[in-house]
Amino acid sequence: MTQESPFTALPTRVDLAELDRRIIEWWQVNDVFARSLARTADGPAWVFYEGPPTANGSPGTHHVEARVFKDVFPRFKTMKGYSVPRRAGWDCHGLPVELAVEKELGLNGKPDIEKMGVAEFNALCRESVLRHVGEFEQLTERMGYWIDLAHPYRTMSPEYIDSVWWSLQRIFADGRLSEDYRVAPYCTRCGTTLSDHEVAQGYENATDPSVYVRFPLLEPLAGHENVELLIWTTTPWTLVSNTAVAVHPDVTYVVARTEQGTFVVAEPLLAAVLGDKAQMLATVSGAELAGLHYRRPFDLVEIPDAHVVVLADYVTTVDGTGLVHQAPAFGAEDLVVCRANNLPVVNPVALNGRFLDNVPLVGGVFFKDADAILVEDLRRQGLLFRYETYEHPYPHCWRCHTPLMYYAQLSWYIRTTTVVDALQRENERTNWYPEHVKHGRYGDWLDNNIDWALSRTRYWGTPLPLWRCESSHITAIGSRAELGLLTGTDLSDLDPHRPYIDEITFACPDCGGTATRVPEVIDAWYDSGAMPFAALGYPHLPGSEEVFASTYPAQYICEAIDQTRGWFYTLMAVGTLVFDRSAYENVVCLGHIMAEDGRKMSKHLGNILAPIPLMDAHGADALRWFMACSGSPWSQRLVGPGPLNEIVRKILMTYWNTASFLTLYASHTQWAPETANAAEHRPILDRWVLAEVHALTRAVDEKMESYDTAGAGRLLADFVDDLSNWYVRRSRQRFWEGDQDALSTLYECLDILTRLLAPFVPFITEEVWQQVIRPGHSSAPESVHLATWPHADPGLIDAVLTEQVRTARALAEAGRAARKNSNIRIRQPLGRAFISLPAGTELPQTLLDDVADELNVKRLASLDSTGAIVDISVKPNFRILGKRFGKQTQQVANSILAADPREMVEQLRSVGETKISFDGAEIALGPDEVVVTELPRTGWVVESQRGVTIALDTEITPELAAEGTARDVVRVVQQARRDTNLDVADRIALTVAAPENVLAAVRAHQGFVAHETLATSVTLVDSLDEGFVGTVGEAVPITVGVAKR
RNA sequence: GGGCGUAUAGCUCAGUCGGUUAGAGCGCGUCCCUGAUAAGGACGAGGCCCCAGGUUCAAGUCCUGGUACGCCCA
């Protein structure tokens, strides 16, 4: 045992964070990631796109989630032989970056930025992005996310911008990029529109008027004169620019008379608006109202060809009157409706939120302040039907708390509505995980697609590559080179950002007039949607066309659910607009990670979990396992130290200690994997665990191919438990004896298990690979991540054996329960036990021996052979009977319960079927159609579960008692050995001091005691001054001395 | 207001094709076992499988409607 072994015993304890750091360095030194890519470079391509994170702040624990999934599947596919290039990317542009810089500098909106200068501001934005990229890189490395960080794409690079321009030029050429009004929440003080995100954090309660206004019709309706439309609004100031009234085409409207007049309201709202006493004169559909003209309440601004009833599907009858006043400059839906009806967009409010000075009555008045003046005027005119106030949340500017105004400004749009059919077609051929997103959240979004408002009146973004001359000719530019041709200068060194790009002018190709760039930049989401080709500099950079052809579309992308309207959409939309094909085939859509208290992580709540400290506390593997395998990745999950500790203890440490166990014994014996018997000639337990590990391989592969990491994780965790707590535990003795088959079997299981676990937990598996697998096979790849994915050997999978061991373990479990009930400790041997198995099940003797050993029982025998009086019960097996008897199942079941069980069982056992009378006839039942249970009546300690029954004979003879005592003594000595920190192979001189009856028991089993404790001598004495104290039997104190030899 | 999702033990979650005694882990209590283990095992307490209808011989599971929570949108 002292000869050279290639194995060194692994420590049983391990500092996982320290292990992580060591492995990260080893990977770097040995260039393992690049070599893993090189290994499969010639394999079939499996393309993954990294969705670029916006580097506008420090990464949080939720960033780890998607990055785990972006790592696990590429690693899995790489092991399977696919070529999976992975390139990092950074989303550099956009409002979030600008806001972060504004905040750092204490700036307050656009005027401040203009004051400091766009050049300097954008330089700071660039600097901020690069700074935060560094933090993402640290996280990426720390968590073991393998992606090429050295050659990332950046959406702010000139080559990237060239590509984006090229694609926009194409979209423009297709007539799908044009300018139109857009209504957006706008802060009149800061002079800027706000993004949805900003609006969401700025809701404050406001008290607004709620007014019902009469709009007299200029023509009769359904034969009635002087009919008035009733509309409801909470923004009276928008009535100045009233352009139309919208009704729903399918809603029924009533013409009803009250003391106040004759009105039109939606039928469902009649009572709420006009009360119970209104007299119904007529009903008309919304469609019939269309085209009627009315007199508007304020004649303050010119609005030609308007003031007509139009149709709109968005009108509801939930509140108001079912007739909605339209002011297209101040409502997104109003704008859509009015444009569809070719109505003008008239805006009497200036950018500072005040009515234009030339407007009568409210000229120069702030829009909110105009409400009171206008309501008073309505009252004066007799048009105010009802006036109330109500409190509701209203969006305010998060910076300055000014109420926001929904406000129409000219904006550039991509006409995505013209390609909706193509988008839906592409969605149909996309595999979504989970599936419901496809026709749920995402499909719904496509069904309600609206044009993409592309432009932003901001600074730090890809400039919109459109130049407009004095005659309003638009020229779309596809690259800096092309721009250079028009200007006649070399622009290859131009930073294509504002403000430099704004200085470039050229002669309009149409008319020769001076063309200057439109001022806007584009939505940063377009940048990321252009990533599949822009990252390559396609089509400008040499070689980009070839690479693009082989990497488009991607097989796999993955982000969290919030990207349905973000990257998932922009990627598909840009791809479809430019190439008529979506950019991805399979998309995994993750739920959100929440703090342990179930709330969103936020600085405000103080429940932020920083990812790197979390990994330093539990190891990166634990966090990775949590993200990939805990709960359902599609639903939101709570992360915290609790679940991570559990993963470490139950999965990682159990796995680790199984590996440690192998090295412990492999290093103590002369063993090499090739010295074992072929698998089919090994003992049954070996064949069982090999069958399990190959079945596992097959099942895990299936789960992974369907993107089910949680399912794969459950299978892997179950196997880790089976391997450690059944195979190893039942095989201890053989390992101690250096059994070649046992060592080989465990080695083979660990080899496969390590490779199956590698994509999930790359650190600990690497360590096990280095310390356990490589020493056993000189030809093993240098890293587990250079190894191949295992494939299942169907010849080793054995469903019968799997079932037999399951039954044996059920017996052991029942036996332990019986032990517990009898209050007899397991160290106390018992003479015999009787068992009963489900019909048709037989166990090989070796498995029965295992059960006997596990339960410390001398002999197992069949329950039938006892001659004891056994109670037999027969129950219907509904699953089988239901299929056969359908509606009569219940009656057949009653007949079975009414029949004599003993007779049925005898028939089943002798002729394989039993007959019962049913409905006047006899029907035959097979063994699988009933469930038989037998229980001894008295005199035994019995336990019955999971279809098996075990009965213990609890008589303890003096011989059995002595043996039990001897085992207790062994137990005390083992504890003493451990307390003395003896090696498992150290020999000892043993001294035992105990009462005479205990000494007698030791004497009777001296060989056993010596063997078990590696004692080369055993001395029995009355008392001992120094030694380890323990108890045997019924709390009898003894003292033992162990001296190392 | 709309869309989507979720709802099972104190907590975190499984639950296959619908099958009649609904499981695991954690936590708590009492024990047991241990010559790898940060482990393992037994027992106990703890369940209106959110509610109401429906389909079915049979519903935690399928359908409809509601409630609560979450996300997205308005």
Side-chain angles (χ1 to χ4, degrees), chain A residues 9-14 16 196 200 314 316 318-319 332-333 434 436-437 439-445 447-448 560-566 591-592 594 596 598-600 630-632 634-638 640 642-643 645-650 652-665 710-711 714 717-718 721 724-726 728-729 732-733 735-736 812-821 823-828 854 856 875-883 885-893 943 945 970-971 973-975 977-978 982-986 1012-1014:
Chain A
L10 282 182
T12 57
R13 288 179 174 243
V14 59
L16 291 172
D196 299 347
Y314 86 93
T316 68
V318 174
D319 46 22
E333 283 159 328
H436 62 77
V437 180
H439 294 122
R441 192 177 283 210
Y442 189 76
D444 188 54
W445 163 247
D447 292 345
N448 297 298
I561 184 80
D562 52 279
Q563 295 297 330
T564 36
R565 283 148 199 248
H592 283 129
M594 312 293 261
E596 213 166 17
R599 295 189 289 184
K600 244 182 181 162
S630 286
S632 166
W634 332 125
S635 53
Q636 62 169 331
R637 295 176 289 168
L638 314 182
N645 272 326
E646 191 180 328
I647 289 165
V648 169
R649 283 186 10 248
K650 295 209 56 90
L652 300 181
M653 280 301 113
T654 308
Y655 164 68
W656 175 265
N657 281 299
T658 306
S660 164
F661 179 87
L662 175 68
T663 55
L664 179 66
Y665 289 103
R714 267 193 297 278
D718 285 349
D721 186 69
S724 169
N725 289 317
W726 190 253
V728 171
R729 192 155 63 89
R732 271 189 197 134
Q733 190 63 31
F735 285 100
W736 180 234
E813 232 170 76
R816 283 191 289 256
R819 278 271 186 178
K820 167 73 183 179
N821 292 340
N823 281 319
I824 301 172
R825 67 192 188 282
I826 290 183
R827 271 196 303 267
Q828 175 60 59
E854 183 75 11
N856 199 12
K875 288 182 191 165
N877 183 348
F878 282 96
R879 189 189 283 267
I880 309 279
L881 293 174
K883 293 214 165 62
F885 293 104
K887 293 195 182 213
Q888 295 173 310
T889 306
Q890 212 58 53
Q891 294 149 275
V892 174
E943 188 63 30
Q945 47 182 266
V970 167
R971 164 84 195 114
V973 176
Q974 303 295 24
Q975 193 60 50
R977 283 185 62 111
R978 193 187 292 190
L982 291 179
D983 185 83
V984 293
D986 286 338
E1012 290 292 309
T1013 62
L1014 298 189

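Just the heavy atoms: all of them, side chains too, but no hydrogens, waters or symmetry mates, feed the values below. In what follows, every chain begins at residue 1, and chains take the letters A, B, ... in the order their sequences are listed.
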Exercise. Taking the side chain of A/I561 as heavy atoms from C-beta outward, which of B/A39, B/C71, B/G5 is closest to it?
Worked result: B/C71
Problem set entry | Whole-angstrom distance between B/G25 and B/C43, as gauged at atom P | 11 Å
Seminar exercise, completed: Separation of B/G5 atom C1' from A/W445 atom CH2, nearest Å, is 19 Å
Exercise. If you look at every strand shown and take non-hydrogen atoms under 4.0 Å, does A/V728 touch a base, only sugar-phosphate, or nothing?
Worked result: base
Seminar exercise, completed: A/D444 CG to B/C71 P, in whole Å, measures 18 Å
Seminar exercise, completed: From CG of A/D718 across to C1' of B/G23 the rounded distance in Å is 12 Å
Exercise. Touch check for A/E646, heavy atoms < 4.0 angstrom, all strands: base, sugar-phosphate only, or nothing?
Worked result: sugar-phosphate
Seminar exercise, completed: In whole angstroms, the gap separating C1' of B/U20 from CZ of A/F885 amounts to 17 Å
Problem set entry | Pair A/V14-A/W656, side chain to side chain contact (heavy atoms under 4.5 Å, CB included): steps then yes or no | CA-CA 9 Å; A/V14 59; A/W656 175 265; 3.9 Å; yes
Exercise. Between A/R649 and A/T654, which heavy-atom pair has the shortest distance, and what is it?
Worked result: O-OG1, 3.3 Å
Problem set entry | P gap between B/C62 and B/G2, integer Å | 24 Å
For this session: Go through the N and O atoms of the side chain of A/R732 and the base of B/U37, and report whether any donor-acceptor pair is under 3.5 Å.
Result: yes
Exercise. Hey, does the side chain of A/K650 come within less than 4.0 Å of B/G40's phosphate (OP1/OP2), counting only N and O?
Worked result: yes
Exercise. To the nearest Å, how far apart are A/H592 NE2 and B/C69 C1'?
Worked result: 16 Å
Exercise. Quick one: is B/C72 close enough that its OP1 or OP2 comes under 4.0 Å of any side-chain N or O from A/R565?
Worked result: no
Exercise. In Å, rounded to the nearest 0.5 Å, how long is the span from CZ of A/F661 to CZ of A/R732?
Worked result: 7.0 Å
Problem set entry | Nearest heavy-atom neighbours spanning A/Y665 and A/W736 | CE2-CE3, 3.3 Å
Problem set entry | G-U wobble or Watson-Crick pairing nucleotide for B/G46 (cut-off 3.5 Å, both distances) | none
Exercise. If we take the P atom in both B/C31 and B/G70, what is their distance in whole Å?
Worked result: 44 Å
For this session: State the pairing partner of B/G27; accept Watson-Crick or G-U wobble contacts with both distances under 3.5 Å, and report none otherwise.
Result: none
Problem set entry | Gap separating the CG atom of A/D447 from the OH atom of A/Y442, nearest 0.5 angstrom | 11.0 Å
Exercise. Just checking A/S724: base, sugar-phosphate only, or nothing, at a heavy-atom cut-off of under 4.0 Å?
Worked result: base
Seminar exercise, completed: Comparing nearest nucleotides in RNA chain B, the 5'-proximal residue of the pair A/V14, A/R971 is A/R971
Seminar exercise, completed: When rounded to the nearest 0.5 Å, the distance separating CD of A/E646 from CG of A/L652 is 11.5 Å
For this session: Determine: side-chain N/O of A/Y665 to OP1/OP2 of B/A36, distance under 4.0 Å, yes or no.
Result: yes
Seminar exercise, completed: Rounded to whole Å, CG of A/N657 lies from P of B/A36 at a distance of 11 Å
For this session: Could you state the atom-to-atom distance from CH2 of A/W726 to C1' of B/A36 in whole Å?
Result: 18 Å
Exercise. For B/G1, which nucleotide in any strand shown is its Watson-Crick or wobble partner with both distances under 3.5 Å?
Worked result: B/C73
Problem set entry | N or O in side chain of A/R441 less than 4.0 angstrom from B/C71 OP1/OP2 | no
For this session: Scan every strand shown for a Watson-Crick or G-U wobble partner of B/C57, both distances under 3.5 Å, and answer none if you come up empty.
Result: B/G19
Seminar exercise, completed: Here the distance between atom C1' of B/G19 and atom CZ of A/F878, to the nearest Å, is 8 Å
For this session: Would you indicate what A/T658 reaches in the nucleic acid, counting non-hydrogen atoms under 4.0 angstrom: base, sugar-phosphate, or nothing?
Result: base
For this session: Between A/G440 and A/V970, just flag the one whose closest nucleotide in RNA chain B comes earlier from the 5' side.
Result: A/G440
